[in-house]
6 protein chains.
Amino acid sequence: MSGIQRLLVVGAHAADFVWRASGVIALATERGAQATVLALSYGERGESGELWKEPGQTVERVKRIRHEQGEQAAKIVGAEFRCLDLGDYPLEVGREALDQLAQVIRDLAPDVIITHTAVDPFNPDHPVTHDAVMKARLLASGAGVASAFETVKPPVIYLFEPHQPELCGFVPNAFVDITPVYEKKLEAMRAVGSQQYLQKYYAELAERRGNHARRISGNGAVRYAEAFQRVTPLVSSDLIGHG
Amino acid sequence: MSGIQRLLVVGAHAADFVWRASGVIALATERGAQATVLALSYGERGESGELWKEPGQTVERVKRIRHEQGEQAAKIVGAEFRCLDLGDYPLEVGREALDQLAQVIRDLAPDVIITHTAVDPFNPDHPVTHDAVMKARLLASGAGVASAFETVKPPVIYLFEPHQPELCGFVPNAFVDITPVYEKKLEAMRAVGSQQYLQKYYAELAERRGNHARRISGNGAVRYAEAFQRVTPLVSSDLIGHG
Amino acid sequence: MSGIQRLLVVGAHAADFVWRASGVIALATERGAQATVLALSYGERGESGELWKEPGQTVERVKRIRHEQGEQAAKIVGAEFRCLDLGDYPLEVGREALDQLAQVIRDLAPDVIITHTAVDPFNPDHPVTHDAVMKARLLASGAGVASAFETVKPPVIYLFEPHQPELCGFVPNAFVDITPVYEKKLEAMRAVGSQQYLQKYYAELAERRGNHARRISGNGAVRYAEAFQRVTPLVSSDLIGHG
Amino acid sequence: MSGIQRLLVVGAHAADFVWRASGVIALATERGAQATVLALSYGERGESGELWKEPGQTVERVKRIRHEQGEQAAKIVGAEFRCLDLGDYPLEVGREALDQLAQVIRDLAPDVIITHTAVDPFNPDHPVTHDAVMKARLLASGAGVASAFETVKPPVIYLFEPHQPELCGFVPNAFVDITPVYEKKLEAMRAVGSQQYLQKYYAELAERRGNHARRISGNGAVRYAEAFQRVTPLVSSDLIGHG
Amino acid sequence: MSGIQRLLVVGAHAADFVWRASGVIALATERGAQATVLALSYGERGESGELWKEPGQTVERVKRIRHEQGEQAAKIVGAEFRCLDLGDYPLEVGREALDQLAQVIRDLAPDVIITHTAVDPFNPDHPVTHDAVMKARLLASGAGVASAFETVKPPVIYLFEPHQPELCGFVPNAFVDITPVYEKKLEAMRAVGSQQYLQKYYAELAERRGNHARRISGNGAVRYAEAFQRVTPLVSSDLIGHG
Amino acid sequence: MSGIQRLLVVGAHAADFVWRASGVIALATERGAQATVLALSYGERGESGELWKEPGQTVERVKRIRHEQGEQAAKIVGAEFRCLDLGDYPLEVGREALDQLAQVIRDLAPDVIITHTAVDPFNPDHPVTHDAVMKARLLASGAGVASAFETVKPPVIYLFEPHQPELCGFVPNAFVDITPVYEKKLEAMRAVGSQQYLQKYYAELAERRGNHARRISGNGAVRYAEAFQRVTPLVSSDLIGHG
């Protein structure tokens with residue numbers, strides 16, 4: 001089982017990766033992998049309400065702050081941060097943006113891509129991101145037959161945990177033990193926002209998923225975990241128990 | 001990712017493991033794992049028609065031949081063969097047999113168990129086996145809380161590929177590259193039957209699943225594969241790409 | 001497309017076939033097919049409340065009346081009526097009854113079996129009947145390989161429409177135009193009960209399913225239909241449009 | 001919308017109701033409803049490990065302690081506690097026990113029954129309880145037609161939240177605001193166990209479900225909630241928004 | 001359980017609300033609620049064939065008649081009628097129309113929105129309407145966190161019954177007793193069309209759904225009902241039996 | 001059961017029909033039916049890699065070769081070949097192309113249309129084709145009520161088998177025995193490509209599906225089959241066993 005070498009995390013908004021995947025990013029980069037976070041938008045309209053409470057706030061300033069925060073949080077877990085700045089609420093991914101996304105995949109040739117679920121009745125931009133990633137991945141990797149364009153190996157897709165998992169059709173089948181990097185996740189969460197309650201919410205979630213992972217595996221050493229849904233099959237040279 | 005150490009394969013009938021999992025058994029035992037094949041019945045009524053064509057055939061003799069064949073095939077892939085001899089068509093797993101099965105799991109403490117799918121409109125004994133394994137596994141491993149009996153770590157469950165996968169609700173999410181042990185699988189198949197057509201059928205299936213595994217992973221070195229459906233989540237210390 | 005030659009309809013209670021399948025039975029027998037109705041019980045407890053309103057009623061008398069009514073309704077649509085008299089609410093199908101059922105299937109060797117849905121949150125006996133039929137069918141037809149017992153060709157399975165279809169997971173995929181035999185269905189319904197409202201309910205259902213069948217096929221000649229869910233694939237020598 | 005008058009909660013083991021439904025029980029009884037908790041077993045084998053750590057422990061004593069704890073917790077939320085003492089791991093509900101359960105439903109004539117999910121890959125007794133409740137409910141309420149036995153109005157069924165909801169197919173569609181009775185729930189949890197960590201786990205769950213309920217309804221006053229899956233349709237005299 | 005105060009019904013075509021939801025609209029307005037019907041198109045091409053049989057008919061005149069009929073039917077059940085006139089067969093909802101729809105939701109701040117199912121293999125415009133409503137609702141209500149725009153409380157979503165419910169994935173979980181307002185529904189149906197057969201079809205459907213509601217609830221007083229599928233969870237201050 | 005008279009096969013790329021449906025096309029045309037193959041694109045970018053290996057290759061030349069091959073293969077099985085040339089990877093079907101497609105359906109008035117599955121994680125163009133066909137079919141056939149435009153009878157829809165059926169949600173419910181025309185299928189496959197391995201792959205698939213069809217039907221004469229998923233219900237004048 002060779003480790004991941006290049007990880008790409010695609011979120012609809014600048015901070016999505018922090019709450020949902022900063023643990024596994026930290027694990028990967030600590031092992032030497034290259035990690036890139038790509039935000040399709042800054043979430044400047046739908047998820048930056050706190051910033052808009054400041055008098056005289058402007059959209060450009062909101063974006064700049066969100067960029068800095070995203071960059072800072074990514075840095076904490078060893079990743080590069082980029083944003084396509086496509087606008088949010090609603091996020092729309094037209095033909096040109098789709099080509100951009102496919103080009104990023106071609107350029108990075110990631111082993112693994114993490115993105116949103118296909119369904120999210122609480123967020124209009126998450127499913128749009130999911131569909132764009134799935135399509136761009138195919139455009140970049142082809143259909144497994146010889147084609148007229150350069151292709152990369154088809155990246156494995158993981159979905160990260162949405163806010164209300166059962167209502168998004170999310171069924172976790174991969175729990176990653178983030179105990180060794182938990183402090184980094186806490187630090188990354190602090191970097192993207194002053195909202196104490198979100199940090200508490202996701203800290204408790206990590207603990208809860210850790211409990212689940214312990215029960216599933218019988219491995220008492222797991223204290224904190226992130227849950228994912230793997231949607232592409234695993235091809236391996238042996239059956240895998242727990243890793 | 002530490003490898004499997006103890007593998008248990010539970011089939012309804014004596015030969016099920018050969019067609020469906022002898023490749024992964026061979027891979028595991030070559031790496032040093034201990035593998036046990038447990039047949040709940042010999043399949044003496046429903047799947048031994050060829051033997052019954054011999055004049056003067058008796059049920060005891062059919063069972064003995066099936067046992068020898070199962071033992072021989074298991075040996076080829078490095079596994080031990082056992083049979084509970086519960087009868088087939090219909091196979092029934094009562095309370096006592098369930099306790100036996102749970103005890104086997106407690107004794108072996110396998111990392112991984114492979115068994116049939118929950119649904120099979122072509123075979124009455126496969127779902128019975130599935131349900132018994134799932135229940136016995138829980139009786140042997142408990143609910144993750146302190147209990148009054150000895151428990152083992154909850155084994156990971158894989159389902160092996162049924163004859164008509166789409167009609168059994170089988171969705172493969174784990175393809176194992178059996179190219180290095182493919183000859184052993186062919187040999188094991190020859191050991192359990194003179195039916196050329198079944199050997200041809202499953203040889204072509206291994207090739208077809210190899211094609212699928214190549215397209216999924218982009219790994220051109222996979223020539224033969226076995227497909228499984230993992231039903232318990234993976235708990236690991238890192239995200240897994242392809243192994 | 002050769003027509004059905006032997007049709008078997010298995011209901012939990014004596015009158016189930018009348019409301020749900022008497023139209024297709026009449027169509028088949030008019031074409032020369034042999035049709036058998038098998039009731040697993042008389043429904044003497046759960047579905048004979050009207051009869052129990054008579055003073056001094058006995059269970060034997062209720063069963064006799066239900067038998068006569070079933071026989072009469074079956075006769076109207078050209079079928080034979082039998083009952084295993086296993087008791088109802090709850091109906092239980094033990095090993096012996098299962099063997100009886102398998103033997104009926106072996107004896108009749110039906111092309112098609114119609115029975116209840118696998119799920120019915122309104123009736124405890126319908127799913128029991130479904131499961132028994134599915135299992136007995138496999139015991140009678142084997143797994144497609146040579147076996148130690150006589151087997152018949154695997155009958156095609158249709159499920160008939162439950163009272164509240166959406167809540168039983170019923171998805172109709174076969175609408176049969178019963179317009180030519182509609183009067184026989186009305187007559188059969190009159191034979192099994194004095195309850196006007198049930199006759200009205202199912203007459204309106206036939207009309208409603210006729211409307212659906214017209215919209216699906218564009219065939220304006222369909223006035224009355226019965227809806228079924230076919231659960232075994234169709235094997236044919238050509239693609240089929242509408243028949 | 002008239003309130004519930006009689007609530008029945010059926011758990012596989014003595015303490016199930018506490019973690020999962022003590023909030024809604026307290027809400028109902030505070031409003032004047034009658035609530036009964038029925039445990040099918042004491043969970044003396046599978047869920048009483050802490051008690052078995054005491055030297056010289058006996059099964060009778062474990063059951064007595066579990067009974068007292070269940071009774072005490074039920075009392076705190078205003079409910080009566082009963083136990084059928086059918087044994088656990090594995091719990092089996094035979095014909096006689098099924099009749100007992102149906103009789104309880106007939107006697108209490110509850111408006112609402114709460115029980116376990118149909119699927120639970122972490123507990124062998126929960127699905128057995130679910131199936132028994134669903135069947136007993138039908139035996140007690142009939143199929144909506146005149147029958148030979150006394151029937152009660154068909155109770156509404158809710159499922160309570162399992163430990164790992166997504167892996168049990170649990171999709172919550174009813175969130176109940178338990179903020180007003182939250183202290184009672186905490187007290188009831190203390191009554192059934194000394195395990196601090198379980199109390200912490202379920203306190204955090206109540207908070208998490210409160211967060212979800214706030215986002216779903218936009219009602220900022222909800223602080224703590226219990227989540228349920230309603231499986232029988234709602235029949236009402238008006239459309240319902242949030243209550 | 002406070003009643004609905006503001007109800008919004010969004011149909012693809014001018015008359016959809018009449019067949020599917022005029023009963024619940026009448027119930028709501030009789031209780032004092034404000035109800036608005038929003039048609040995305042007049043259905044002038046796909047569902048006005050009768051009007052086009054008149055010689056010299058024009059599209060403008062068809063729309064005017066459909067507007068008057070919609071307005072008249074809405075008035076009968078106490079609702080306001082509006083139409084966005086986006087065209088039908090195919091209906092398309094571009095960015096501007098989506099913003100209009102979101103603005104309507106912001107302006108009305110409905111407690112409940114009723115619209116079409118997500119799937120309808122018989123109508124190209126129904127799923128388009130569904131998707132537009134779901135997206136506009138999120139744009140109007142936000143993701144539950146502070147945002148840069150005004151938000152309303154997230155309205156509850158109900159889907160109305162499609163013509164062939166099982167083939168549209170429709171599973172009714174809310175039956176509303178429209179017996180008290182049934183005459184108004186009949187009158188509203190007469191207002192939108194001279195087609196006797198459609199009025200008969202939906203009158204029989206109301207009766208059929210009334211039968212279902214009686215069986216589900218055991219409430220014998222329900223004579224006519226409309227069926228809906230609620231897709232957003234219920235948040236309430238108590239468990240709900242039947243209302 | 002009258003045979004199909006007009007068959008339309010719509011593929012995303014020029015050669016899709018050959019691998020997946022050339023058998024049933026040959027069966028239909030041998031019986032006198034008219035068959036049309038419509039390719040939405042030539043697959044010049046994503047599925048013509050072999051052609052691009054020639055030095056100096058141009059897109060126009062690739063398209064011309066693909067057209068000739070498609071025409072040649074179609075001719076072998078008795079069908080006409082057309083291509084809309086909409087471009088591939090990604091294929092996009094805008095409003096104008098949708099109208100073209102609807103017009104083709106109106107002009108041909110096919111009894112049956114065969115196209116791709118709704119889901120295909122290995123190909124971006126297949127689901128686009130599926131959705132366009134489903135929508136165009138409704139625009140051409142209306143909703144079953146009188147409309148302002150000409151309509152045709154709603155064609156029956158079959159989906160053809162994707163490369164990895166289980167991962168595309170493909171559940172075959174119609175197996176067609178192509179034994180009598182198997183040689184034509186082989187010849188058509190040779191016409192569209194020099195890739196030996198694809199021809200071998202699909203020849204083995206036909207054999208495998210033949211094995212399945214034999215087991216399902218008990219009809220030992222089936223040697224080669226093509227598998228399809230019928231998504232529109234069957235309306236017929238009798239129940240159908242195996243044809």
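All values derive from a computational prediction rather than experimental measurement. Within every chain, numbering begins at 1; the chains are lettered A, B, ... in the order of the sequence lines, protein sequences first and strands thereafter.
- In B/Arg106, the CZ atom is crowded: over 12 heavy atoms of neighbouring residues, nucleotides or ligands sit closer than 6.0 Å.
- When heavy atoms are compared at a cutoff of 4.5 Å, B/Pro154 approaches chain A by way of both its backbone and its side chain.
- In this structure, no portion of A/Arg214 lies under 4.5 Å from any heavy atom of chain B.
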Next on the checklist: Let's go through A/Ile114 and B/Leu239 carefully: what are the C-alpha distance in whole Å and the side-chain angles of both, what is the deciding distance for side-chain contact (heavy atoms from CB on, under 4.5 Å) to 0.1 Å, and is it a yes or a no?
Outcome noted: CA-CA 10 Å; A/Ile114 308 177; B/Leu239 272 185; 3.5 Å; yes

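- The backbone N or O of A/Ser236 lies less than 3.5 Å from no partner atom in the side chain of B/His242, so there is not a single donor-acceptor pair.
- The distance from atom CD1 of A/Ile178 to atom OG of B/Ser237, rounded to the nearest 0.5 Å, is 13.0 Å.
- Listed options B/Asn219, B/Asn173, B/Val231, B/Thr232 were ranked by heavy-atom pairs under 4.5 angstrom with chain A; first place goes to B/Asn173.
- The choice from A/Arg215, A/Glu226, A/Gln229 that makes the most heavy-atom pairs within less than 4.5 Å of chain B is A/Arg215.
- Ranked by heavy-atom pairs under 4.5 Å with chain A, the first of B/Thr151, B/Asp177, B/Val176 is B/Val176.
- Within the model, atoms NZ of A/Lys153 and OG of B/Ser217 stand 6.5 Å from one another, a figure rounded to the nearest 0.5 Å.
- Taking both residues in full, the closest heavy atoms of A/Pro172 and B/Pro233 are given as O-CG, 3.8 Å, listed atom of the first, atom of the second, then distance.
- Atom CZ of A/Arg6 sits in a crowded spot, with more than 12 heavy atoms from other residues, nucleotides or ligands closer than 6.0 Å.
- Residues B/Arg31 and A/Asp238 form a side-chain contact, since some pair of their non-hydrogen atoms from C-beta on lies under 4.5 Å apart.
- For the pairing with B/Ile240, the side chain to side chain contact (heavy atoms under 4.5 Å, CB included) check across A/Val156, A/Val112, A/Leu234 returns one residue only, A/Leu234.
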